Amino acid sequence: MVTLIYGGSASGKSQFAEDTICSLCKGNKYYIATMKVGDDEENIERVKKHREQRKNKGFETIECPNDLKSAIPQMSKSKNALLECVSNLVANEMFFNGEIIGKEDTVEKVVGGIKELADFCDNLVIVSNNIFESDSDYDDITLSYMQALGEVNAEIAKNSDEVYEVVVGISMRIK
Amino acid sequence: MKLVIGGYAQGKLEYVKKKYNVKEEFIFDCALPTKEEIEKINPEEGDVLVVSSLHKWIRKRIKEGGRPEEEIASFVKKNPNAVIISDEIGNGIVPMDPFERVYRERTGRILCDLAANAEEVERVTCGIPQKIK
C-alpha cells in the first residue's frame, strides 16, 4: 500500500506520517531521510527534533539524499518505509554537484525511484510538501523547481492508494 | 475555543462575523485583548470575542521577544468561548530570511496546538467554510 501525505511547513505532517506507518507496521521499518544535513545548524536542529519524535517507534534510518533506488538494497529487515520528504529529494536531484538538471530529467528520475521503491515495499508512506500557495513571483530556477515538485506530487498521488492533506495537525483524506 | 484558518483574503473574518453575529467592538485585530479591554466592552451572555489575524500578532510578539506560545495558551484558558482567526502561512517556498523561517515554524506549531485544543476547526476557502474538526 502506498500513502501520500501532503502539507505545508509545520503542519504536523511528519507526526501524522509516523502514526500512519506505525499503524500499518508494528515491527521494524525504515525511515528514508532525503535531507542533506551538512553543517547547517537549522538542519541539524531539525533532524534532532525529528529523531526525538520518532525514537522508540521501531525506525531504522537510511540516509538517501539522491538516487532513491539505492535505498532498496539496504532494506534487509523490513519492506515497510517512511520516505521523508519528496521536496528535498527533488531539490537534491535538480541541483546536483553544482549543476542544474532539467525539469523533465529530474521528474523522471524521482518518479522512477519512487516507483521502484513502492514496488519493493509492502507499505510505503511518502511525505511531500505544499510549497505552492504563496507569491509565485520567483526566479526561473525556483519556478522550474516548483513545477518539478508539482508534477512529482501529482504522479505520486495518481499511484497512491490513499492521499491525505494535513492542515494545522488535522489530516483530511483527499483520495 | 474555535479556530478558523485559511489563506489570505479568503473571507474568514466576514464568515465569522456573520455566523456569530459579532459586534465590531468585539473584534480584536492582530491583538489579544487584556482583561481591562474585555471588561470595558462588557460582554453579555452569548457575545463572541474574536481575535483576527493571529499570525500577525505572532510575528509581532516574536519580534518583540515575547512568548506567543504561552501567551495565547493563557488567553484561551481565560476566554474559552473566543473565536481565533489565522492565515495559513506555511504553504510556500522556504523563505530565504532566517526570521521568516522561524516565524513560519512557530506559527505552524502554535496553530497545531490551538487546533488540538479547539472544540471546532474550520478552514475557509473562497468564503466557503469546511469543518475539519
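In this text the structure is predicted, and so the values were computed from the model without any measurement. So you know, we letter chains A, B, ... as the sequences are listed, proteins then strands, and number each from 1.
With respect to A:Glu93 and A:Lys109, a salt bridge is recorded, a charged nitrogen being found less than 4.0 Å from a carboxylate O.
Side-chain contact check for A:Ser144 and A:Gln147: no donor-acceptor pair (N or O, by modelled atom type) lies under 3.5 Å. Checking A:Tyr6 against A:Asn130 by side-chain atom types alone, a donor-acceptor pair falls below 3.5 Å.
Of the residues A:Glu42, A:Glu45, A:Glu41, the one that meets the salt bridge (charged side-chain N to carboxylate O under 4.0 Å, His left out) test with B:Arg101 is A:Glu42. For the salt bridge (charged side-chain N to carboxylate O under 4.0 Å, His left out) criterion with B:Glu120, the lone passing option out of B:Lys19, B:Lys133, B:Lys2 is B:Lys19.
In this structure, the side chains of B:Lys35 and B:Glu39 come closer than 4.5 Å at one or more pairs of heavy atoms. Residues B:Cys126 and B:Gln10 meet the side-chain proximity criterion, which asks for heavy atoms closer than 4.5 Å.
For a heavy-atom cut-off of 4.5 Å, chain B lies close to A:Glu165, A:Val167, A:Val168, A:Gly169, A:Ile170, A:Met172 in residues 163-175 of chain A. Residues of residues 57-85 of chain A lying under 4.5 angstrom from chain B, judged on non-hydrogen atoms, do not exist here.
Relative to the six-membered ring of B:Phe99, B:Lys63 meets both conditions, a distance below 6.0 Å and an angle of at most 45° to the axis.
For a residue to count as touching a neighbouring chain, one of its non-hydrogen atoms must lie under 4.5 Å from one of that chain's; by this rule B:Val94 does not touch chain A. If you measure heavy-atom distances from B:Ile5 to chain A, the contacts under 4.5 Å come from the side chain alone. At a 4.5 Å heavy-atom cutoff, the contact between B:Glu88 and chain A is made by side-chain atoms alone.
In this structure, A:Lys29 contributes its side chain and A:Cys25 its backbone to a donor-acceptor pair below 3.5 Å. Panel note: side chain B:Arg104, backbone B:Gly92; a donor-acceptor pair is recorded below 3.5 Å. In this structure a side-chain-to-backbone donor-acceptor pair under 3.5 Å is missing from A:Thr142 to A:Tyr138.
For the set A:Ala10, A:Gly12, A:Gly8, the count of heavy-atom pairs under 4.5 angstrom toward chain B peaks at A:Ala10.
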